[in-house]
Amino acid sequence: MSGAISESKERGEDFFDPYGAQWDNPFPGLRQAQEFQPVFFSSQLDAWCVTRYDDIVAVLRDTESFSAREHNPRPVAELPPEVEAVLKSWRGQGVSMGSLDPPEHGRVRTAVNVGFTTRALVSYAPRIRAVAAGMLQRLTTAPDFDLVDEFARPYALTAVLSVLGIPEEYHERCRTWSEQRLDLLLRHDLDPGHAAQCARGLREYGEFATAITAERRARPQQDLISYLLHEAPSGHQLTAEEVAAQIPALITAGHETSAQALGSTVWQQLRSAGGWQEYVSGALATDRLVEEGLRFDTALFGMYRTTLRQVTIADTVLAPGSRLLLLYGAGNHDASRYAEPDRFLPGRTSAAPHLAFGRGIHYCIGAPLARMALGIALEELALHIPGLALVPGTRPRYRRNFPLRAVGGLRVRP
């Protein structure tokens, strides 16, 4: 049981099953856990799940007791040994920032943060807005379309790749590589042939990141990769291997979570009392809609940590080496922090800062960019499709690819 000392009083699946029907609305079960057993063991996830807002924040801030080295989910399917080997080696010698503990984390984060300054973000905004406007202009002529698959995902991917400076001819391959990486980690029905194909793609992903890093080192441009290579603060210069290791993480995490947040936010507003017209009319501010969307349907529902020593969380004693799953989505629906947490209320005031981007030293470095991209997408949607509505009979469902909370089948009409 992941090195645990305490024993779970109930089966974890009684509270939380991210692979079953409960995933469409996990919050009643998680609220029971918060009240009666705020830390419980899930045999499905092989981890101790932490559900309360304050406990999650405390873990994220305590880097002496908890390590981020294995923050990613482990593969849910049994992989062939040669595929497992690729998963361990495809980045080369570099390690993504999210998997680093202090003191290495601080040096890399200081350097990467150069690309997310106010000056840099302002320069990215016009190209991101142009991406959204171009896609929406084409969609306005369609009788209906899938908001996530035909707008949110390609928009979010193109926005991230534009900021990074990835040439357009590689955009489709980056999408495929990202999907293959997620398939290896999150798919239950992964047959050996597809696993081998994904492993080849993952190796290509790493090779591509190395190649474009070398190109930007030799010929810098006005993009994030060039910033990381040439404008790091003194004493925080990254090696080419370190920069290359960040690129796939920024692409995959950046576009997948932003796309899901955009799709879910629009869906919740469409079905709210005020509807889409509340936003189009200007009665609802963009930043309020963005923040409530991020809280209400947290795209990255949880993140893993490993205990470095014996710890106690909510009266549960855990041994060194215990694997924890910090359920951000549960924390964002904690009734001790949010009044009426299961209602979508973009105008809510005096609420605790949500956990969609984490907290502490690993707070999502791309959060300002994500907020900007979400805001631009919503503004352009309101401008180009003010009459946006759900196609009658549409019943969106959440895809079973935990820890991503991704809505599917969101068909809308202009």
Side-chain angles (χ1 to χ4, degrees), residues 27 121 124-125 128-129 131-133 135-136 139-140 145-148 150-156 159-160 254-301 328-329 331-334 337-358 364 366-390 394 396 398 404-407 410-414:
F27 303 110
L121 289 177
Y124 302 147
I128 293 175
R129 192 173 294 278
V131 168
M135 290 183 176
L136 290 170
L139 290 171
T140 55
F145 60 94
D146 187 303
L147 183 74
V148 175
E150 296 181 67
F151 175 59
R153 295 188 74 191
Y155 162 74
V160 169
H255 94 269
E256 284 289 345
T257 53
S258 293
Q260 306 315 328
L262 176 56
S264 179
T265 299
V266 173
W267 181 35
Q268 299 305 332
Q269 187 58 35
L270 284 170
R271 60 203 291 242
S272 69
W276 186 240
Q277 286 307 309
E278 180 185 25
Y279 177 60
V280 173
S281 69
L284 175 59
T286 297
D287 61 340
R288 291 288 187 90
L289 182 55
V290 166
E291 295 307 312
E292 179 67 349
L294 290 166
R295 181 202 72 84
F296 186 84
D297 234 354
T298 309
L300 181 59
F301 204 81
Y328 297 166
N332 281 338
H333 281 249
D334 190 331
R337 284 292 182 168
Y338 303 98
E340 300 182 279
D342 295 344
R343 288 189 64 195
F344 184 74
L345 298 171
R348 68 172 66 241
T349 57
S350 303
H354 61 70
L355 299 173
F357 298 120
C364 177
L369 178 59
R371 285 186 165 108
M372 184 178 74
L374 286 169
I376 288 173
L378 290 168
E379 290 166 358
E380 293 298 314
L381 265 170
L383 176 65
H384 291 279
I385 313 182
L388 188 71
L390 289 170
T394 294
Y398 289 91
L404 295 177
R405 186 158 168 79
V407 66
L410 185 55
R411 296 207 68 82
V412 296
R413 59 187 182 187

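Here the structure is a predicted model, which means the values were calculated and not measured.
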Is there a donor-acceptor contact under 3.5 Å from the side chain of [X] to the main chain of [Y]?
X    : Y    : result
W276 : I385 : yes
T298 : R295 : yes
E292 : L345 : yes

Side chains of [X] and [Y], heavy atoms from C-beta outward: is any pair under 4.5 Å?
X    : Y    : result
V160 : E256 : no
L404 : F301 : no
F296 : T265 : no
L300 : F357 : no
L381 : F151 : yes

Legend entry - Rounded distance (nearest 0.5 Å) linking atom CG of L147 with atom OG of S264: 10.5 Å
Inset, instruction - Would you give the length of the straight line joining atom OG1 of T140 to atom NE2 of H384, rounded to the nearest 0.5 angstrom? - result: 8.5 Å
Inset, instruction - Evaluate the side-chain contact (heavy atoms from CB on, under 4.5 Å) criterion for residues L390 and W267: first the C-alpha distance (whole Å), next the side-chain angles of each, then the deciding distance (0.1 Å), finally the verdict. - result: CA-CA 8 Å; L390 289 170; W267 181 35; 4.1 Å; yes
Inset, instruction - Apply side chain to side chain donor-acceptor pair (under 3.5 Å) to the pair Q269 and S272, showing each step before the final yes or no. - result: CA-CA 5 Å; Q269 187 58 35; S272 69; 3.3 Å; yes
Legend entry - Full working for side-chain contact (heavy atoms from CB on, under 4.5 Å) between L289 and Q268: CA-CA 10 Å; L289 182 55; Q268 299 305 332; over 6 Å; no
Looking only at heavy atoms, which two atoms of [X] and [Y] are closest? And how far apart?
X    : Y    : result
L294 : N332 : O-ND2, 4.1 Å
Y155 : I128 : OH-CG2, 3.2 Å
A299 : A261 : CB-N, 4.2 Å
L284 : P346 : CD1-CB, 3.5 Å
L388 : L270 : O-CD2, 3.5 Å
E150 : L139 : O-CD1, 3.8 Å

Legend entry - Plane angle bin for H333 and F27 - parallel if under 30°, tilted between 30 and 60°, otherwise perpendicular: parallel
Identify each donor-acceptor pair in which a side-chain atom of residues 370-379 lies under 3.5 Å from a protein atom, sequence neighbours left out, and give them as a table.
| from | atom 1 | to | atom 2 | distance (Å) |
| --- | --- | --- | --- | --- |
| R371 | NE | E291 | OE2 | 2.6 |
| R371 | NH1 | Y363 | OH | 3.2 |
| R371 | NH2 | E291 | OE1 | 3.1 |
| E379 | OE1 | R129 | NH1 | 3.3 |
| E379 | OE1 | R129 | NH2 | 2.9 |

Inset, instruction - Check each of V266, L262, V407 against V148 using the side chain to side chain contact (heavy atoms under 4.5 Å, CB included) test, and report the only one that passes. - result: V407
Inset, instruction - If a pair satisfies salt bridge (charged side-chain N to carboxylate O under 4.0 Å, His left out) and one of its residues is in residues 264-286, list it, with sequence neighbours excluded. - result: none
Inset, instruction - Examine R348 relative to Y338 and say whether NZ or CZ is less than 6.0 Å from the centre of the six-membered ring and inside a 45° cone about the ring axis. - result: no
